Amino acid sequence: MKILFKSIQHLSYLGCLLVSLSLTFSLSAQNTTEHWRPAVHFSPKKNWTNDPNGLIYFKGYYHVFFQHNPKGNEWGNMSWGHARSKDLLHWEELPIAIPHGEEFIFSGCVVWDKNHVSGLGEPNKDLLVAIYTADYPNKKQEQHLAYSNDEGLTWKKYGHNPILDIQLLNFRDPNIIWHEASKQYVMSVAKPLERSVQFYGSKNLLAWDLLSEFSNQGELEMIWECPSLVELPIEGRENESKWVLFNSSQGVQKGFVGMQYFVGEFNGKTFINENSSDTKLFVDFGKDFYAAIPFYNTQEKEVLWLAWALSWQYAKEQPTFPWKGQMSSVRKLSLVDSQEGLRLKQVFQPDFSQWEPTFQAKDISISKPKILNGMKMLQGKSYVIDVEVEETNADRWGFRWQSVDNPQEYTLVAFDENKKQWFIDRSHSGKVLSPGFFKLDSAPWVEGRPRQMRVWVDHSMIELLAQDGTVAISSLRFPVSSKENLSIFSEKGKLDLKQITIWEVK
Ligand code: FRU
């Protein structure tokens, strides 16, 4: 008996050893890539994410729900993940919020049902309502509702779903605002293949009436998804605002994959584009800014948003493990006047201008590349650099991240004075994920705005907001070498800087 027991013990020990050996083997078969993980931008601890969903500020926390595969590092089993932050820099990942069933839980929004107009949940507790697309693969997409009485931690799927169904295979991504003037909730939702956004109105979040449809304008080459409608203040014009309609476009790349916007009026029923129907306005000229939606219920009613910082073109090939997909910075939105009309302005949040700089220099002149030695201590950290030009006669100027051990590996974030273009060049940044990844990301100069750029570097993420936030380029890069120098350069001419300021983002 004793012998039998011993040998069973022995066998189970051997079994454990084998299991743990095979686990170690499968983990090391795919090495973790934590050095590419952003420090202060949100990414799930493990597994896949795409669009941000249900962004809401509630009781001291910014909540981010997100398209998530709880079981794997590729798209599938779409459910809502959940994270929250008090300061938009430290993120706490919480348990899966809305798991998939027979239906996939696609993108959507969360609103605070302050007056319990839906009549759902417990009347004495705060009520959050999530409205999202239920996707029945290859069959149908319809809009569903779930509600939470515990600040978004757990959700009950509504018993009478769908709340909106127009019998379409593609009909998705509801985003809801409270429209004070017409005293109703207004939902924007996309009919992607038709390049159209429908608006619906509701008093109780359950019954929705079609208000109007906006289509056939702007960029039409690719399908439309993830619409949102917001009212934005116009900077420098007191108490003036305009309505802005956003959507994300996706498809086989001819131009590029990204987000566009329309500026105009919304009267509680119809959105009227104030530009000609063929005007194309783009949010971000990088390839890694997609499906952004605004936060609901912000403190000062300011419009804040964030995006999925990746592109459908090469998302599958993002070489990160055990997660894939990450969020952009949070940005505050407004409109500003330009010679071509009103343009979107985006400012990183928190607003670093209010922070004590880690480094600052004023009135410097550069004629040959200058390595910023002080940057060595920021190696592998997250930081923001702001630079403003007094005057220049250079052909190109900007920043160069140069690998110390491989002369062929570098990244440029710069301005081309001849082409009048801002650009991020990641064609020699390390891993090139696909032919589309290789292309230079460039954005046109905006007349009348300062020659200034602010760059946020957070491991694999580079976000450029130039000309006081009216130019945006967001691009990922995956350096192979672990040590790099940062220099400021000026080609074929002199660069006089008003200031250069660096903030470490902890
Ligand atoms: C946009 C999108 C949405 C959809 C979700 C599915 O990136 O295609 O239209 O709801 O992703 O994950």
Side-chain angles (χ1 to χ4, degrees), residues 44 47-55 64-82 96-101 103-110 130-146 162 164-166 168-176 187-198 219 222-228 245-253 256-260 283-284 286-294 305-316 318 323-328 436 474 476:
N47 295 335
W48 167 276
T49 181
N50 54 290
D51 312 358
N53 296 148
L55 304 184
V64 171
F65 298 88
F66 52 94
Q67 286 290 282
H68 191 42
N69 179 355
K71 295 182 200 132
N73 210 14
E74 64 286 316
W75 191 89
N77 306 307
M78 296 324 288
S79 304
W80 276 24
H82 186 193
I96 297 294
I98 312 182
H100 74 89
E103 81 292 20
F104 277 7
I105 314 298
F106 269 21
S107 288
C109 59
V110 169
I131 294 187
Y132 55 87
T133 300
D135 173 74
Y136 295 89
N138 301 320
K139 282 195 198 126
K140 211 183 357 166
Q141 292 182 340
E142 47 190 38
Q143 313 323 316
H144 282 201
L145 186 151
L164 184 58
D165 174 17
I166 56 169
L168 275 185
L169 182 60
N170 285 281
F171 177 48
R172 59 178 180 268
D173 308 335
N175 194 267
I176 295 169
M187 176 200 292
S188 325
V189 55
K191 285 161 69 182
L193 303 189
E194 287 147 59
R195 279 81 166 150
S196 138
V197 175
Q198 288 194 323
E219 172 62 61
M222 305 172 221
I223 61 165
W224 288 14
E225 327 180 288
C226 304
S228 64
L245 175 65
F246 294 99
N247 74 51
S248 295
S249 293
Q250 165 205 328
V252 183
Q253 184 191 346
F256 68 92
V257 175
M259 291 189 67
Q260 66 174 327
V283 168
D284 191 299
K287 297 195 186 72
D288 300 310
F289 193 88
Y290 198 75
I293 50 163
W305 76 356
L306 62 80
W308 178 42
L310 193 54
S311 168
W312 281 119
Q313 270 176 271
Y314 42 72
K316 270 198 229 152
Q318 170 160 323
W323 87 99
K324 205 168 284 197
Q326 48 213 39
M327 299 301 160
S328 76
S474 305
L476 294 177

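Counting starts at 1 for both ligands and their atoms, in listed order. Here the structure is a predicted model, which is why all the values come from computation and not from measurement.
- A tilted orientation is assigned to the rings of Trp305 and Phe246, their planes being inclined by 30° to 60°.
- Side-chain N/O atoms of Thr133 and Gln143 include a donor and acceptor closer than 3.5 Å.
- Residue contact annotation: Trp312 has a non-hydrogen atom under 4.0 Å from ligand 1.
- In Tyr290, the part holding a heavy atom less than 4.0 Å from any atom of ligand 1 is the side chain.
- Taking a cut-off of under 4.0 Å to the non-hydrogen atoms of Asp173, the atoms of ligand 1 that pass are 3 (C), 4 (C), 9 (O), 10 (O).
- Atoms of ligand 1 lying under 4.0 Å from at least one heavy atom of Ser107, given by number and element, are 5 (C), 10 (O).
- Close approach of ligand 1 to Asp51 (heavy-atom distance below 4.0 Å) involves ligand atoms 1 (C), 2 (C), 3 (C), 5 (C), 7 (O), 11 (O).
- The shortest separation from a heavy atom of Thr133 to ligand 1 is not under 4.0 Å, leaving the residue out of contact.
- A salt bridge does not link Lys324 to Glu74: none of the charged nitrogens lies less than 4.0 Å from a carboxylate oxygen.
- Checking side-chain atoms of Asn53 against main-chain N and O of Phe65 turns up no donor-acceptor pair under 3.5 Å.
- Of all the atoms in ligand 1, the ones that sit under 4.0 Å from a non-hydrogen atom of Phe106 are 4 (C), 6 (C), 10 (O).
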Practice problem: Output, in order, the C-alpha distance, side-chain angles, deciding distance and verdict of side chain to side chain contact (heavy atoms under 4.5 Å, CB included) for Leu476 and Leu310. | Solution: CA-CA 7 Å; Leu476 294 177; Leu310 193 54; 3.4 Å; yes
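- Taking every heavy atom of Asn50 and a limit of under 4.0 angstrom, the matching atoms of ligand 1 come to 5 (C), 6 (C), 7 (O), 11 (O), 12 (O).
- Counting heavy atoms under 4.0 Å from ligand 1, residue Trp308 does not touch it at all.
- To the nearest 0.5 Å, atoms CD (Gln67) and CH2 (Trp75) are separated by 8.0 Å.
- Ring-plane geometry between Phe106 and Phe104 is classed as tilted, the angle between the planes lying from 30 to 60 degrees on a 0 to 90 degree scale.
- Interface atoms of ligand 1 facing Gln67, defined by a heavy-atom separation under 4.0 Å, are 5 (C), 6 (C), 12 (O).
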